[in-house]
Structure formats: C-alpha cells, structure tokens
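Just so you know, residue 1 is the first one in the sequence shown, and it goes up from there. As the structure is a computational prediction, the values presented were derived from the model and not from experiment.
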Amino acid sequence: MAEPANVTSPLSNASTVAIIGAGLSGLACAHRLAQHGVNVQLFDKARGPGGRMSSKQRPTATLDLGAQTFTVRDARFAHKVAEWQAAGCVAMWPVHRYQASASGWQIHDDGQVRYCGAPRMSAITRHLADTLSTFHHASISLETHIAALDKITQGWQLKDTNGEQYGPFDHVVISAPPPQAKALLAGWEPTLSAACEARPQRGCWAAWAIFDSPFPTLSGVDTDWQSLHTQHPALRLVSRNHTKPGRESQPESLSLLAQLDWSDAHIELAPEDAAQQLLDAFTSLMPEQTPLPGLVDLGAHRWRYAQPAIAGSQSFLYSESGLSLCGDSFRGSRVEDAWLSGDGLGEALLGRSVY
Ligand SMILES: Cc1cc2nc3c(=O)[nH]c(=O)nc-3n(C[C@H](O)[C@H](O)[C@H](O)COP(=O)(O)OP(=O)(O)OC[C@H]3O[C@@H](n4cnc5c(N)ncnc54)[C@H](O)[C@@H]3O)c2cc1C
C-alpha cells in the first residue's frame, strides 16, 4: 500500500478503470480520469447516483436525508463549488439558523457560509453524472451491486449480485464506505483491507415529516426559520426542506436527523418507530408547546455507515496491484472531504501533482 507519490505506472487514455460507487467521491474521481481520456465505468447499487448526498422523492415533497448542507474550506473545492453554482445546481442555504436549548430557541450564527444542492442535494451528483455521460469513454451502470472482484491475467474482473461479469479493467477504485469496501477487498489486498478496518463507521437515523399546512408563528422565532440545531438526546438537526432553493412550492416538510449516539444505540429500531421518536423529540422542543399542523407523511431512513468514528488523514489509498480506495472517511467526514478524496485520487492515478 502506498501514498500516491508512489504511483509507478500512471493511467493513460489506453487504460480502463472501474469505479465502484457513484457518490461524490466516485464521481469526482471519474471526472478527473475521464477529462484526461481514461476509459471509466462507474457502478452503483442504488437506483440513482448520490450515495449519502441523495434526496428522497415523496408524492408531495423532496427531502434531503443525507447531507443537508456543506461548507467550503479548500481553494480547489471552492473553485468547483463556484462552477456548480454557475451551473445552477448549488445555492447558499441556510441563512436563518436557530438552536434550541433549555432557555428556548435562539438565532444561531457561527459565521460559516453553507451551501446545498438546488433544487435538491442530489442535483449536484446528478449534474456530475450527466456531464460524465457526455464523454464517450465514460459510463455509469446503476442498480448494479458489485459482489466480488477477481484478478485474471488481463486485469480485474467484477461480478455483481446477479452473477453478471464486467471487465477486465486495468484498475479498480472502490469509493464505498470502508466496511463495504472491505467486503470487496477480502483476500486481495490485506493492507487496504486493514485500512478499511481502521475506519469504523457510525450510523445515523434520518426521518422525514410532511405536514398539511405551514407551521404557525412560533413565539420569539422568525417565521422563515430554516434549520434548528438541538441538544436533545435523540434529535440533532431539523431542516425545513421547503425553505431550500427551488423547493418553495412544496408543503411544510422536515428532515429530522438523529444524534449519532442515539442512532448507534437504536440502529435496529423499525423505521416507523425511529421516525415517531424523532418527531416526538421535535414536538417536545416547540416553544410554548405550540401544536404542529396535521401530519401527512412520516418515515425514516437508516444510514448504517453515515460517518467515520475516526477521521482519516490520508485522503485516499493506492496499491500497486491496481486497487485504490477513496471516500470521505479517508480524510474527514464531510462533502468537501469526499470531493477532495476522489479528485485527489484521480490526479494521483494520472501521475499528476498530488494534494
Ligand atoms: C445523515 C447524514 C448527514 C450528513 N450531513 C453532512 C453535512 O451536513 N455536511 C457535510 O459536509 N457532510 C455531511 N454528511 C456526509 C456526506 O454526505 C458524505 O461525506 C459524502 O456524501 C460521502 O460521499 P462518498 O462518495 O465518500 O460516499 P457515499 O456517498 O456513501 O458513496 C458511496 C456509494 O457506493 C455505493 N456502493 C456501496 N457498495 C457498493 C457495491 N458493492 N456495489 C455498487 N455500489 C456500491 C453506494 O450506493 C453509494 O452510492 C452527512 C451524511 C449523512 C449520512
């Protein structure tokens, strides 16, 4: 296993690469490689790209159930976000943040600029997938759950859960969260496998609640409040999806993200129970016990691998056998980390300057 400075055979436009996972890191890596002519095939087990930046489509509303917002610190990522803003798939949000404490709700301004996907978080990864498909040497296979890797004389072969085979490929990038990556690496690359094991993940419940009418004015709170941070033992963050850019016409629709400790302790709950408990937590925080409007839709999604328990510092990992790992966990736990990890791995595999 080596850090990227040790890449001895950079990929060229004659190379073929399989990327497992079409979340932000996999898409960022695919873009970097495809821009330099490398033949890239992405695989994702889900119906659409996005991974933990995906959004849930309900009959009356679209809700972000993974990342709600993201921040920008790195200059390269800032440049990319400016591109996405120009393309119309990113906007600043939220600007009216609150926090709930024992003494009620207070405006919460930490000075950080935050962004979200517009008109939904998954618009960013959709934009990346769409622009990737304009390269004739790049493709994405969705609803394709890769179950195993096999090394043959001509390179790496992939097999999905239906027994379908893909390849051979010169190189395989795995961008799935480390426990899922580890399952694929089994037997092939013990050092990469150990790196995955060193990145245990924490779970997170994310519920949605859609109402038949807008919330009443809450005592001492601006009517256009957009997000609420809480110290409640179960509930961490509430986002009002209908206040996000491009979703103004949808009804009152909340994402309710659980605390990580609570999620880990309740990860095997039935989704309807998790959803009810998170909604009850929010109700208990309403100023002056203001009643909520009529509930029309309530549910929850369980993220078994929401974020790393221990943040990495390597960004991505590479092995001379033709296997690499990228994803947020190898450098942090945020959207920005995912993009930097995938883009950085792409640069490294091309033998270019590395960050
Ligand atoms: C509830 C929640 C809240 C969050 N909030 C924030 C936030 O406020 N700000 C922030 O910056 N970040 C936040 N994050 C983190 C952010 O979403 C992630 O950092 C980022 O989306 C990770 O991208 P990734 O590409 O590394 O991984 P993922 O998005 O997990 O992508 C991995 C992909 O691999 C696919 N896959 C896995 N195994 C296989 C297989 N065997 N075959 C085929 N496909 C496979 C998966 O379907 C998935 O699409 C949050 C995450 C969660 C879950």
Side-chain angles (χ1 to χ4, degrees), residues 1-13 15 17-42 49-53 67 70-84 90 115 124-125 127-129 131-132 135 138 169-178 180-181 185 189 191-192 195-196 198-199 307-308 310-355:
M1 180 176 62
E3 285 278 339
N6 297 352
V7 171
T8 49
S9 322
L11 300 176
S12 70
N13 56 11
S15 309
V17 177
I19 300 182
I20 302 171
L24 186 60
S25 63
L27 283 161
C29 185
H31 260 264
R32 183 58 67 197
L33 294 176
Q35 275 161 7
H36 290 84
V38 176
N39 301 288
V40 179
Q41 191 171 357
L42 266 159
R52 283 171 280 155
M53 289 172 72
F70 59 91
T71 49
V72 177
R73 294 168 202 176
D74 182 275
R76 289 161 300 233
F77 187 55
H79 183 73
K80 186 51 64 180
V81 171
E83 264 180 45
W84 294 340
V90 161
Y115 299 88
I124 300 169
T125 46
H127 168 72
L128 289 174
T131 48
L132 190 69
F135 294 101
F169 298 96
D170 300 318
H171 199 97
V172 178
V173 171
I174 308 178
S175 72
Q180 292 169 322
L185 287 164
E189 195 58 68
T191 45
L192 293 186
C196 291
R199 298 275 165 271
Q307 68 175 68
I310 305 162
S313 57
Q314 287 161 301
S315 203
F316 50 85
L317 295 168
Y318 169 85
S319 122
E320 292 296 333
S321 64
L323 295 177
S324 309
L325 297 175
C326 68
D328 62 343
S329 299
F330 295 102
R331 61 173 292 137
S333 60
R334 302 178 303 115
V335 165
E336 180 173 39
D337 296 311
W339 186 84
L340 288 169
S341 172
D343 185 65
L345 175 61
E347 291 274 24
L349 293 175
L350 292 163
R352 288 154 56 94
S353 64
V354 168
Y355 47 86

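- Evaluation of the ring pair (Phe, Tyr, Trp, His ring centres under 6.0 Å) rule for Y115 yields F70 as partners, not counting sequence neighbours.
- For R199, the salt bridge (charged side-chain N to carboxylate O under 4.0 Å, His left out) criterion is met by no residue, not counting sequence neighbours.
- In this structure, S313 and F330 have side chains that are not in contact, with every pair of non-hydrogen atoms separated by 4.5 Å or more.
- Rounded to the nearest 0.5 angstrom, L350 CG and S15 OG are separated by 8.5 Å.
- Judged purely by atom type and a 3.5 angstrom limit, D343 has no side-chain atom pairing as donor or acceptor with the backbone of W339.
- Contact record, F316 with G344: CE2-C, 3.4 Å, taken as the closest heavy-atom pair.
- In terms of heavy atoms, S175 sits closest to G21 at OG-O, 3.1 Å.
- In this structure, T191 and E189 have side chains that are in contact, with non-hydrogen atoms separated by less than 4.5 Å.
- Side-chain contact between S12 and H36 is absent, with no heavy-atom pair separated by less than 4.5 Å.
- A donor-acceptor pair under 3.5 Å is formed between the side chain of S341 and the backbone N or O of G327.
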Next item on the list: Apply the test side chain to side chain contact (heavy atoms under 4.5 Å, CB included) to residues V17 and D170: give CA-CA distance (whole Å), side-chain angles for both, the deciding distance (0.1 Å), then the verdict.
Entry: CA-CA 6 Å; V17 177; D170 300 318; 5.8 Å; no

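- At a threshold of 4.5 Å between non-hydrogen side-chain atoms, the residues M53 and I124 count as touching.
- Counting heavy atoms from C-beta on, the side chains of L349 and L33 come closer than 4.5 Å.
- Under the 3.5 Å distance criterion, the side-chain polar atoms of E347 are left unmatched by any main-chain donor or acceptor of R32.
- Between C29 and I19, the closest side-chain pair of non-hydrogen atoms falls below 4.5 Å.
- Side-chain N or O atoms of E336 include one that pairs as donor or acceptor with a backbone N or O of D74 at under 3.5 Å.
- A side chain to side chain contact (heavy atoms under 4.5 Å, CB included) with L325 is found for one member of V172, L317, L345 and no other, namely L317.
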Next item on the list: Could you walk me through whether D328 and R334 pass side chain to side chain contact (heavy atoms under 4.5 Å, CB included), step by step?
Entry: CA-CA 6 Å; D328 62 343; R334 302 178 303 115; over 6 Å; no

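- Residues V335 and F77 meet the side-chain proximity criterion, which asks for heavy atoms closer than 4.5 Å.
- Within the 4.5 Å cutoff, the side chain of N39 has no heavy atoms near those of the N13 side chain.
- Under the 3.5 Å distance criterion, with hydrogens and angles disregarded, a donor-acceptor pair is assigned to the side chains of H171 and S324.
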